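Residues: numbered from 1 along the sequence shown. Keep in mind that what you see is a predicted model, and the values were worked out from it rather than measured.
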Amino acid sequence: MKFDLSHLRGDITGGLTAGIVALPLALALGVASGVGPMAGLYGAIAVGFFAALFGGTPSQISGPTGPMVVVLAGLAASLSGDVGLIFTAVMLAGVFQILLGLTGVGQYIRLVPYPVISGFMTGIGAIIIILQIGRLMGHEPPGGTIGALAYIPTALADIDFVTLALGLGTLVIAYNWPPALGKVVPGALAALIIGTLVSLSLTTPVLGNIPTGLPAIHIPVFDKANMWLIVEAAMILAFLGAIDSLLTSLVADNMTRSRHDSNKELIGQGIGNTVSGLLGGIAGAGATMRTVVNIRSGGKTRLSGMVHALILLAIVLGLGPLAAKIPHAVLAGILVKVGLDIIDWSYLKRAHKGPRWDFVLMLTVLGLTVFVDLITAVGVGVVFASLAYVRQIAQIQIEELNRLPDDMGNDEEKALFDTIKKHVTLFSFGGPLSFGAAADLGHRVREKVKPKSLYMVMDFTRVPTLDVSAAMAVETVTSDAQAAGRQLIICGVNERVEKVLADFYQHHPDIPVFTNRLDALRHVQQVLSGQSAEKTA
């Protein structure tokens, strides 16, 4: 594998800055996952290094993210904190991501509609905040979003105001840290250091004993009783990590004017998560904020992500005694900021200006994310969005029937049509005809056909593709025409459409088929002229 050393200085600066920014987030997200702060750091190191080494987005920084932590926290609660099974799920998620990359699924994950992405990202931000409310008040709420929500009245009845002040103070510092100082010490790291120093003179719960040194290897554990739970969590982690990473890749593309390789990126993320589980780290993905910091600090190639991971590794080897003194309230304050940053405020501000259906879809996904689970939220959102899209396209396809006879191909065709139009109803379909339009096609044709017309010409010139449902709708139109004593004529069919209509042709060999609309109209004129001559004779 070749490395581009032409941006070495910028890569080192970007990686160093991203590593410093990642430190407090990795600790906080590790705690929030239920596995521990060092698992967050190990995850940041493993995913950060190997996703950069093997991934398809050169400037991307990867590590623990909010969406992944929400899933892991739920899994940890379900498995009563069994770290062996949790790390097995992380490894399995990595394997799934590698398979997604090898099978080329990456290019399709980016097609998830924005309201769905906005809804579940906002839901994840809300979950992170809900899980920290109790901790800000000096309590340890039960696992799960519903449990944490139900516990809020209990926490409000017995607030530890010292802990609350410490957590809110941390949040205020993280948000209001001067930008000039932020270039030297990031706001989240400053809040972590200041909050920890202040807590030394207070009595407040802290992280406590944390091991240092290199992590131990965790061999996958297989438990029949919990196998489906682990597989389900791994699938959710794999898909959420893929979506999160590829969205961050798009951000990186916009900033660097480059183009990432989606499938290669998924393979890199998968390798990173597999190694992370083996080393006792939590799952990770492309991290938007850390990637932006890296690029703005000069990082351009995969070396920057690797440097970021090595910086964290150097910190880990001697961090344990210092990290042990970090209060839970300080990490809770940092996590509330993480949650607030994840919420899609920009979409919420302009949602009332866009289509109402998009906003309803976003709120539906948001509600399912918070109160059900992430995979259900994304699945339902994609299905609803797809149905809405099919309906919109179907309406456009049906409305195309209104374009003729006003839109004729040339003067000869228009003149010819004018001489026979009282006997002919002409339909020209536009765009690919799909199952969405098939349901209304027969009804719309019946509405618009001229009651006294003897011939009905169906023009497929502007139809590139046709599915089986639409072919059945053509069959229905044919039956209606024959029942009314009309002659159906088909024209403008290309090879792809003709293959779909092959059975139709076999059942109706008497229906004339012409290459273009002009020939079809000439045929009608000739038949009408012949009938007129017979009557005159």
Side-chain angles (χ1 to χ4, degrees), residues 390-410 412-494 497-498 500-501 503-532 534-535:
V390 168
R391 181 60 181 167
Q392 289 173 352
I393 296 301
Q395 288 175 341
I396 293 173
Q397 292 169 351
I398 292 298
E399 287 169 1
E400 285 291 308
L401 292 173
N402 297 328
R403 292 186 60 183
L404 288 179
D406 299 327
D407 181 19
M408 303 303 292
N410 52 55
E412 180 186 0
E413 195 173 272
K414 189 175 188 309
L416 177 58
F417 183 76
D418 286 340
T419 63
I420 61 174
K421 63 181 179 181
K422 67 178 181 179
H423 301 292
V424 179
T425 301
L426 176 59
F427 291 105
S428 177
F429 306 103
L433 280 178
S434 63
F435 63 93
D440 292 331
L441 186 62
H443 176 69
R444 183 58 66 93
V445 168
R446 283 191 295 271
E447 277 186 339
K448 292 189 173 295
V449 69
K450 298 174 184 176
K452 297 182 180 181
S453 61
L454 301 175
Y455 299 90
M456 186 163 67
V457 178
M458 298 183 69
D459 178 19
F460 290 86
T461 303
R462 297 181 294 124
V463 178
T465 59
L466 185 81
D467 68 10
V468 175
S469 298
M472 295 303 295
V474 173
E475 183 80 43
T476 301
V477 170
T478 303
S479 299
D480 289 346
Q482 291 176 339
R486 296 187 183 92
Q487 173 65 57
L488 182 68
I489 299 171
I490 292 177
C491 64
V493 178
N494 64 31
V497 175
E498 190 171 13
V500 181
L501 292 177
D503 289 341
F504 171 81
Y505 288 154
Q506 290 180 359
H507 288 93
H508 301 281
D510 56 322
I511 294 180
V513 179
F514 295 92
T515 305
N516 55 65
R517 189 167 58 203
L518 182 58
D519 288 344
L521 295 177
R522 284 171 176 166
H523 170 75
V524 174
Q525 185 188 43
Q526 290 172 1
V527 174
L528 288 173
S529 298
Q531 290 175 351
S532 177
E534 290 177 5
K535 289 180 180 179

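- Interatomic distance, Leu454 CG to Leu528 CG, rounded to the nearest 0.5 Å: 7.0 Å.
- For the atom pair CG of Leu518 and NZ of Lys414, the computed distance is 14.5 Å after rounding to the nearest 0.5 Å.
- Within the 4.5 Å cutoff, side-chain heavy atoms of Arg517 are placed close to those of Leu426.
- Heavy atoms only, all atoms of each residue included: Ile489 and Ala520 are closest at CG2-CB, 4.0 Å.
- Here the CD1 atom belonging to Ile511 is positioned 6.0 Å from the CD atom belonging to Gln482, to the nearest 0.5 angstrom.
- Inter-residue side-chain proximity for Val524 and His423 is flagged as unmet; no heavy-atom pair is nearer than 4.5 Å.
- Of all non-hydrogen atoms in Val449 and Ser453, the two that sit nearest each other are CG2-OG, 3.9 Å.
- Side-chain atoms of Val477 and Val474, non-hydrogen and from C-beta on, never get closer than 4.5 Å to each other.
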(message) Using side-chain contact (heavy atoms from CB on, under 4.5 Å), reason through Ile490 and Phe504 one step at a time and then give a plain yes or no.
(response) CA-CA 11 Å; Ile490 292 177; Phe504 171 81; 3.4 Å; yes
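- When atom types are taken as modelled, the side chain of Lys450 and the backbone of Val424 share a donor-acceptor pair closer than 3.5 angstrom.
- No side-chain donor-acceptor contact under 3.5 Å links Thr425 to the backbone of Met456.
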(message) Would Phe417 and Val457 count as a side-chain contact (heavy atoms from CB on, under 4.5 Å) here? Give the steps.
(response) CA-CA 11 Å; Phe417 183 76; Val457 178; over 6 Å; no
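- Note that OG1 of Thr478 and CE of Met472 are 10.5 Å apart. Values are rounded to the nearest 0.5 Å.
- Note: Leu501 CG to Gln506 CD = 11.5 Å, rounded to the nearest 0.5 Å.
- The distance from atom OH of Tyr455 to atom NE2 of His523, rounded to the nearest 0.5 Å, is 6.5 Å.
- Shown here for Pro512 and Gln487, the closest heavy-atom pair between the two residues is CD-NE2, 3.2 Å.
- When all heavy atoms of Asn494 and Val463 are compared, the closest pair comes out as ND2-O, 3.3 Å.
- Using the six-membered ring where Trp is involved, Phe427 and Phe429 have ring planes that are parallel, under 30° apart on the 30 and 60° scheme.
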